Amino acid sequence: MPFYNPNEIEAKWQARWEEDGIYQADVDPDRPKYYALTMLPYPSGDLHIGHWYAMTPPDARARYLRMQGYNVMFPIGFDAFGLPAENAAIKRNIHPREWTYKNIERMRKQLRSMGAMFDWRREMVSADPEYYKWTQWFFIKLFENGLAYHKYSPVDWCPNCNTTLAREQVWGDDRHCERCGTPVIKKDLDQWFFRTTRYADELLKFDAIDWPERVRTLQTNWIGRSEGASVIFTTEQGDALEVFTTRPDTLWGATFMVMAPEHPLVAKLTTPEQKKTVDAYVLQATRQTDVQRESADKEKTGVFTGGYAINPVNNERIPIWIADYVLMSYGTGAIMAVPAHDQRDFEFARKFGLEIRVVIQPEGEDISSDKMSEAIPAHGMMVNSGHLSGTPSGQAFDKAVAYIEGLGKGRKAVNYRLRDWLISRQRYWGAPIPMVYCEKCGVLPVPEEQLPVLLPDDVEWKPTGESPLKLHPTWRFTTCPNCGGKAERETDTMDTFMCSSWYHLRYLSPWYHEGPFDPAEYDYWMPVDNYTGGIEHATMHLIYTRFFHKALRDMGITRGDEPMLQLRNQGIVLGEDSEKMSKSHGNVVAPDNLVSAYGADTLRAYLMFFARWDLGAPWSNSGIDGTHRWLRRVWSVMLEQAPGVTASAEVVRNLLRKTHQTLRSVTHDFENFEFNTIISSLMELLNEMTKAKAQGAWGTQAWDETVNIYIRMLAPVAPHISEELWQLTGNRYSVHQQAWPVLDEEAAAEDKVTLVVQINGKLRDRIEVPADIDDEGAKNLALNSEAVQKFLGASQPRQVIYVKGRLVNIVV
RNA sequence: GCCGAAGUGGCGGAACAGGCAGACGCGCACGACUCAAAAUCGUGUACCGAAAGGUAUGUGGGUUCGAUUCCCACCUUCGGCACCA
């Protein structure tokens, strides 16, 4: 028996597969396609265990689907622009390009050691000019179609990363930067945005895609749709003051209005007597951080402007206040306050002695405003509401909206929490935004034939807070594509989430020059059939890429409503101490070391086995030993000859049964991403083989069939050892070009079953019966069993339940 | 406060559709081989009990002949949202 040396056989077969190009996926109209995609890695330097966890189980599944007859594309590439490269440059004075491409080179080698079926001809690197040329081209398309715009506004700024961030990249209660954890601050800047909000409603639709409930919920919450009405109040000076409300039926209960301190009408509304107080309040409000302002348990503050507005439904004159609990960033930055029915307004009114008027009376109660201790959000009958008084809650909303529409003072409206996507970054290592500013002609896109706008190499990337490209002596100066006069380039670069919004399209044809992708490849491969990655992208990348696809569809560039039909999330591999892996914890598991110690096959199998893939778990150094032992036992059980073929017909029959039962469950589990039970089923079958071998099964036809099926089932999991075993057991190269085994239902069928006998639901006996036993037969056997007789004693069974092939329950 | 997910041995986890709870592996114990150890192989391993038997899937109820699985309430952990009008 040859010795199992993983390092030797893995290197050997990887080279051979590469040479033969057995994993190359080409358009083939005769075969069903399957586009399996895993989120592309950032080239941070070393492949870590998380990459293996994210990539090798999906690789096994892609291999399984290939054996099932699909033409499977499983590509790989690099999300190569981004901050860490630039930070390395600042810290160690290495050019970001050099740092990035060195890392990519290193990671390519590490990725190859996985033995995955990547088709390397389709590799893309987002920092390559031929890639970002098309990133820029897409930007221009979005601009031309009114989906990219620039605007001067308050935006989130990370003082550590020295750049603005999208709303999605600001996390948590303390509003910190998603990358570095530093709390963000507000800055007023001229920035580029994509109009994601235009797609808010469509992004809420998930019926065409099989995505985890969790992701759908996160996206739904993030988009935050709320239905209500937009109502126009009028200030005494005649200005329209628009508000959004989800409760138009409480309009008659609006006893004052509140504006955000930043609201543009504040200055005009403020009377001379109030000016001092108002100015002071506005000043202290702007000084506070968002976190301070938005903390819910803070006591309400605010000041009266001196101004008044007219309520359109009853022409009442109501005071206008400013308060920081009203946010300029949501709705219109102004609200109608209905203290009787909104807790926040209630607290505000009580504190400042403003009128509280009940306009919704819950059934069977008689609530008066002076006795209330909190707002009543409950629905009930409208009261104190003019001609609509007496309207029950079921109709109140619609009737109120119809009324204000009739007055020409409002309409039904929907509001979203989702903001447009801020994509400008004041950093160097990204795709330059392909726009120029001409004094005469305004803001213009760079003409298509001039793309890509190349990122210059000779740049000072000091963290000044300004875009490094702005400080370049010549780069920013150009000529206007329209008038030929002097013009300046946009010096900000794009958010790298822009690069990753369309990489799945570049994989289709990274060699293609006439467009971002070859339409023939698109027609065959798209959409992505299965997408895998971490949950952390639920409200970032996964919203962006859906938006991007829909925008492209509306421009006629892509087809179909969704880019990725099925999504599955893997969990996280924690350190052995159950903490998140990090250098500072000293609990990092290095896959390279594990590959040299155990081989890639063991690591792949262990990552599939050690936890539920969607949950993840702490790493275990002793756990991987068990998986390695299993592969070594597979090797010796199959290759070590046993003397004499003496197995009984029963042993042979049992072996084949177990083999086909295993095939059934392994097939089911691959379909359903239940990787851990694939391995345990294969372990069980090996245990059965070990027993059968001890009983003389080695060398029988059934043994050979079992070995043959076993190796094919093992092939997706542990591709190298399987290829070697396939060859050593006398088969032709390559096991990875074999079909998935066909299930023999007859062989898998049980002819005897063990019936569980219960009395009152308690286990009392087990009896062996033929699988095809009928109702009466089973019940009789059970009733006559010794144990049942003993327990039953004198009592008579009241009812006997038989569940076919499973149990008999005797009720006494 | 709102929304979502998860609670099963010493550990990771299994149980397809309401029907033997704990598969498989780790760990541990004992045994074989060995001068010895490692490796390997074998046996055992939820808890209480000498046994018969009993008790167990976060807690308490319910439905059912039968509940880890379905329903209700609660507790804990994790994640998201949050003065969102």
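Below, chains carry the letters A, B, ... as their sequence lines are ordered, and counting in each starts from 1. Model, not experiment: these values are computed from the prediction.
No donor-acceptor contact under 3.5 Å links the side chain of Arg417(A) to the base of C84(B). At a cut-off of 3.5 angstrom, the base of C65(B) holds at least one donor-acceptor pair with the side chain of Asn809(A).
To the nearest angstrom, C1' of U40(B) lies 17 Å from OH of Tyr4(A). Atom CG in Asp614(A) sits about 14 Å away from atom C1' in C78(B), given to the nearest Å. Spacing between atom CD of Glu579(A) and atom P of U77(B) amounts to 16 Å, rounded to whole angstrom units. In this structure, Leu631(A) atom CG and C24(B) atom C1' are separated by 14 Å, rounded to whole Å. Atom-to-atom, CD1 of Ile535(A) to P of C3(B) comes out at 19 Å; the value is rounded to the nearest Å. Per the geometry, CG belonging to Asn676(A) stands 14 Å off P belonging to G12(B), to the nearest Å. G25(B) atom P lies 12 Å from atom CG of Leu682(A), rounded to whole Å. If you take CG of Asp324(A) and C1' of C83(B), they are 9 Å apart, rounded to a whole angstrom.
Looking at the side chain of Phe244(A), the nearest of the listed nucleotides G25(B), A85(B), G12(B) is A85(B). Considering only side-chain atoms of Ser680(A), the nucleotide from C3(B), A23(B), G42(B) that sits closest is A23(B). Picking from G13(B), A85(B), G19(B) the nucleotide with the shortest atom distance to the side chain of Val326(A) gives A85(B). Comparing atom distances between the Thr245(A) side chain and each of C83(B), A85(B), C26(B) picks out A85(B) as nearest. Here the side chain of Val803(A) is nearest to one of G12(B), G19(B), U40(B), namely G19(B). Comparing A21(B), G54(B), U40(B) against the side chain of Lys762(A) picks out G54(B) as the nearest. When distances run from any side-chain atom of Ile801(A) to the nucleotides C65(B), G42(B), A21(B), the shortest one goes to C65(B). Nearest to the side-chain atoms of Ala617(A) among the listed nucleotides G13(B), A85(B), C26(B) stands G13(B). The Val756(A) side chain lies nearest to C20(B) when the options are G19(B), C20(B), G25(B). Each of G25(B), A14(B), A39(B) was ranked by its minimum atom distance to the side chain of Arg632(A); first place goes to A39(B).
A distance of about 13 Å separates the P atoms of A51(B) and A46(B), rounded to the whole Å. On the C1' atoms, A23(B) is 15 Å away from U45(B), given to the nearest whole Å. A gap of 23 Å separates the P atoms of U76(B) and C70(B), to the nearest Å. For the C1' atom pair drawn from G9(B) and G25(B), the interatomic distance equals 14 Å after rounding to whole Å. When the P atom is used for both A29(B) and C47(B), the distance is 15 Å, rounded to whole Å. For G62(B) and A50(B), the C1' atoms lie 39 Å apart once the distance is rounded to whole Å. Spacing between U8(B) and G22(B) at atom C1', rounded to whole Å, works out to 8 Å. As rounded to the nearest Å, C65(B) and C74(B) have P atoms that lie 28 Å from one another.
Contacts of Gly805(A) with the nucleic acid, taken as non-hydrogen atoms under 4.0 Å apart, are absent. Nucleic acid contact class of Gln758(A) (heavy atoms, under 4.0 Å, all strands): base. Here Val811(A) lies in heavy-atom contact (under 4.0 Å) with sugar-phosphate atoms only. Here Asp345(A) lies out of heavy-atom contact (under 4.0 Å) with every strand. Across all strands shown, Arg798(A) has no heavy atoms under 4.0 Å from either base or sugar-phosphate atoms. Using a 4.0 Å heavy-atom cutoff across all strands shown, Ser226(A) reaches sugar-phosphate atoms only and no base atom. The residue Arg216(A) sits apart from the nucleic acid: no heavy atom pair falls under 4.0 Å. When heavy atoms are screened at a 4.0 angstrom cut-off, Leu807(A) is found touching base atoms of the nucleic acid. Looking at heavy-atom distances under 4.0 Å, Arg664(A) makes no contact with the nucleic acid at all. Contact annotation for Trp630(A): no contact, since no heavy-atom pair falls under 4.0 Å across all strands.
Across all strands shown, C26(B) forms a Watson-Crick or G-U wobble pair with G10(B), both key distances being under 3.5 Å. Pairing for G1(B) goes to C81(B), judged as Watson-Crick or G-U wobble with the two contacts each under 3.5 Å. Base pairing of C47(B) is made with G54(B), judged by Watson-Crick or G-U wobble geometry with both donor-acceptor distances under 3.5 Å. Pairing for U59(B) is with A73(B), a Watson-Crick or G-U wobble pair whose two hydrogen-bonding atom distances lie under 3.5 Å. G66(B): no Watson-Crick or G-U partner with both key distances under 3.5 Å is found in any strand. Pairing of U34(B), defined by two Watson-Crick or G-U wobble distances under 3.5 Å, is not identified with any nucleotide.
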The test is salt bridge (Lys or Arg N to Asp or Glu O under 4.0 Å); show your working for Glu684(A) and Lys658(A) and say whether it passes. CA-CA 9 Å; Glu684(A) 271 186 67; Lys658(A) 186 71 180 177; 3.0 Å; yes
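Looking at Tyr710(A) and Thr662(A), their side chains never bring a donor and an acceptor atom within 3.5 Å of each other. Under the 3.5 Å distance criterion, with hydrogens and angles disregarded, a donor-acceptor pair is assigned to the side chains of Glu168(A) and Tyr544(A). In this model, no donor atom of one side chain and acceptor atom of the other lie less than 3.5 Å apart for His668(A) and Ser665(A). Judged by distance alone, the side chains of Arg633(A) and Asn687(A) do bring a donor and an acceptor atom under 3.5 Å apart. In this structure, a donor-acceptor pair under 3.5 Å is present between the side chains of Glu242(A) and Ser230(A).
Under the 30°/60° scheme for interplanar angles, the aromatic rings of Trp613(A) and Phe673(A) are found to lie parallel.
Each of Leu218(A) and Ile335(A) has a nearest nucleotide on RNA chain B; the 5'-most of these lies closest to Leu218(A). For the pair Gly224(A) and Thr677(A), both in contact range of RNA chain B, the more 5′-proximal nearest nucleotide belongs to Thr677(A).
Dashed line: the shortest gap from a side-chain N or O of Asn221(A) to OP1 or OP2 of C84(B) is not under 4.0 Å. Remark: Arg214(A) is not in phosphate contact with C81(B), judged by side-chain N or O atoms under 4.0 Å from OP1 or OP2. The side chain of Lys691(A) contributes no N or O atom lying less than 4.0 Å from OP1 or OP2 of G42(B).
Checked by atom type and distance alone, the side chain of His660(A) never pairs as donor or acceptor with a backbone atom of Ala747(A) at under 3.5 Å.
Of the inter-residue distances, the one linking Glu768(A) atom CD with Ile773(A) atom CD1 reads 11.5 Å to the nearest 0.5 angstrom. Residue His263(A) holds its NE2 atom at 11.5 Å from OG1 of Thr305(A), rounded to the nearest 0.5 Å.
With a glycosidic angle further than 90° from 0, G44(B) counts as anti.
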